[in-house]
Q: 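Dumping the structure here so I can ask a few things about it.
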2 protein chains.
Amino acid sequence: MLAPTEGELAILRVLWSDGPATVRAVNDRLNKTSDKPVGYTTTLKLMQLMADKGLVDRDTSARSHVYSAVAGQEHTQRGLLRRFVDSTFGGSRTQLVLRALGGGEASAEELAEIKRLIESLEKEDHHD
Amino acid sequence: MLAPTEGELAILRVLWSDGPATVRAVNDRLNKTSDKPVGYTTTLKLMQLMADKGLVDRDTSARSHVYSAVAGQEHTQRGLLRRFVDSTFGGSRTQLVLRALGGGEASAEELAEIKRLIESLEKEDHHD
DNA sequence: AAATATATACGAAGGATTTCGTAGTTGCAA
DNA sequence: TTGCAACTACGAAATCCTTCGTATATATTT
């Protein structure tokens with residue numbers, strides 16, 4: 001599966017959060033969320049290309065086509081994360097996490113949540 | 001400060017690990033490390049553009065110019081991380097970390113190291 | 001000194017991504 | 001039915017990034 005570009009990812013995020021949607025719906029959403037306006041045909045073209053690439057499915061039975069994401073958000077995030085870790089942290093997930101948590105930007109709640117996750121992962125390890 | 005592209009980042013990683021270096025040295029390093037060969041003038045051009053952008057300093061006193069990274073690795077990683085978290089995880093560092101640690105790819109040692117970091121961060125919190 | 005190797009500079013091509021205008025079609029309302 | 005609104009299709013420009021060829025200058029070797 002091809003990795004989505006930045007623009008494609010913005011569209012996928014709408015489809016993941018809202019479910020299957022028309023170009024109009026996606027474009028409205030992007031313009032509500034984003035800083036700078038996106039033209040309708042720009043979004044249309046991108047979504048058509050995404051359909052060609054197999055990133056989205058397209059239901060053309062109605063006049064307004066309905067698009068839906070093919071790959072799940074989690075799967076896609078994992079792929080993008082792997083690539084990012086490779087290019088920026090030499091493949092070290094630990095370095096990435098250290099950098100993400102360091103610098104005083106993480107709140108106590110975030111830290112606690114991550115600690116809980118780690119402890120549950122450690123428990124899993126012992127089970128097997 | 002502008003974010004480096006993929007190609008620029010590959011060069012910066014050489015400069016960070018080896019210190020100030022000539023185009024020749026960087027290009028050799030890239031060709032030793034990477035999978036596919038990179039032409040000398042390709043590296044040269046990229047490094048010239050990086051100098052124009054202010055990503056690297058250039059000492060032109062000798063015939064072979066010596067380049068050095070302007071921004072530190074940590075600072076640059078933080079910037080790239082912020083951008084990545086925004087585009088891929090909607091700005092949630094926690095989601096990023098959960099995704100990085102989930103999926104059974106993290107070893108017990110990695111988890112332990114990250115847990116230690118979190119605990120030291122939590123201690124810092126209580127100090128203030 | 002001449003030939004060879006190595007440097008920088010730079011234009012330009014190629015590919016990927018994004019953006020937009022315009023043409024043509026279909027549904028709906030006056 | 002006529003006209004307006006909304007949709008798809010598509011070509012093409014604009015931008016960014018990468019790659020490379022070539023011109024030119026400078027060192028090094030023979």
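For the numbers below, each heavy atom of this structure counts, side chains included, while hydrogens, waters and symmetry mates do not. Letters A, B, ... are given to chains in the order of the sequence lines, protein chains preceding strands, and every chain is numbered from 1. No experiment lies behind these values; they were computed from the predicted model shown.
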Q: Measure from CG on D52(A) to C1' on dA16(C) and round the result to the nearest Å.
A: 15 Å

Q: Give the rounded distance in Å between these two atoms: CG of L44(A) and P of dT8(D).
A: 6 Å

Q: Is there a donor-acceptor pair closer than 3.5 Å between any side-chain N or O of N27(A) and the backbone N or O of V23(A)?
A: no

Q: Under the criterion side chain to side chain contact (heavy atoms under 4.5 Å, CB included), which of T42(A), L30(A), N31(A) is the partner of P37(A)?
A: N31(A)

Q: Among dA6(D), dC10(D), dA9(D), find the nucleotide with the atom closest to the side chain of H65(A).
A: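 Out of dA6(D), dC10(D), dA9(D), the nucleotide with an atom closest to H65(A)'s side chain is dA9(D).
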
Q: What's the closest nucleotide to the side chain of Q48(A) if the choices are dT19(D), dC10(D), dA9(C)?
A: dC10(D)

Q: What residues, two or more places apart in sequence or in another chain, satisfy salt bridge (charged side-chain N to carboxylate O under 4.0 Å, His left out) together with R13(A)?
A: none

Q: Determine, using the 4.5 Å side-chain heavy-atom cutoff (strictly less than), whether L9(B) and V38(B) are members of one ILVMFWY cluster.
A: no

Q: Rounded to the Å, how far apart are N27(B) CG and dA7(C) P?
A: 10 Å

Q: From the options dT18(C), dG11(D), dA7(C), select the nucleotide whose nearest atom is closest to the side chain of L46(A).
A: dT18(C)

Q: From the set dT19(C), dA25(D), dT19(D), return the single nucleotide nearest to any side-chain atom of R63(B).
A: dA25(D)

Q: Do the side-chain N or O atoms of R58(A) get closer than 4.0 angstrom to the phosphate oxygens (OP1, OP2) of dA9(D)?
A: yes

Q: Between dT19(D) and K36(B), is there an OP1 or OP2 to side-chain N/O distance shorter than 4.0 Å?
A: yes

Q: Between dG27(C), dT18(C), dT19(C), spot the one nearest the side chain of E6(A), thanks.
A: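 My answer, after comparing the listed nucleotides, is dT18(C).
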
Q: Nearest-Å distance, CG (D28(A)) to C1' (dC7(D))?
A: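 Between C1' of dC7(D) and CG of D28(A): 14 Å.
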
Q: Is there a side-chain contact between T42(B) and the phosphate of dT18(D), meaning an N or O under 4.0 Å from OP1 or OP2?
A: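 False: T42(B) side-chain N/O out of range (4.0 Å or more) of dT18(D) OP1/OP2.
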
Q: Can you tell which of dA9(C), dT26(C), dT18(C) lies closest to the side chain of T41(B)?
A: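 Closest of the options to the side chain of T41(B): dA9(C).
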
Q: Between dT18(D) atom P and E8(B) atom CD, what is the distance in whole Å?
A: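 One finds 6 Å between P of dT18(D) and CD of E8(B), rounded.
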
Q: Distance check needed: dC10(D) C1' versus L49(A) CG, whole Å only.
A: 11 Å

Q: Please classify the nucleic acid contact of T5(A) as base, sugar-phosphate, or nothing, using heavy-atom distances under 4.0 Å.
A: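 It contacts sugar-phosphate atoms only.
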
Q: Give a yes/no answer on whether the side chain of R24(B) brings an N or O atom under 4.0 Å of OP1 or OP2 in dA7(C).
A: yes

Q: I need the CG-C1' distance between L55(A) and dA16(C), as an integer number of Å.
A: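 In whole Å, dA16(C) C1' and L55(A) CG are 15 Å from each other.
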
Q: Starting at CE of M47(A) and ending at P of dT18(C), how long is that distance when rounded to a whole Å?
A: 14 Å

Q: Pick one: which of L44(A), T43(A), L49(A) meets side chain to side chain contact (heavy atoms under 4.5 Å, CB included) with M47(A)?
A: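 Considering L44(A), T43(A), L49(A), a side chain to side chain contact (heavy atoms under 4.5 Å, CB included) with M47(A) is found only for T43(A).
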
Q: Which nucleotide in the set dA7(C), dC20(D), dC20(C) lies at the smallest distance from any side-chain heavy atom of S64(B)?
A: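 My answer, after comparing the listed nucleotides, is dA7(C).
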
Q: On the 0 to 90° scale, with breaks at 30° and 60°, tag the F89(B)-F84(B) ring pair as parallel, tilted or perpendicular.
A: perpendicular

Q: Between Y40(A) and dT8(D), does any side-chain N or O lie under 4.0 Å from OP1 or OP2?
A: yes

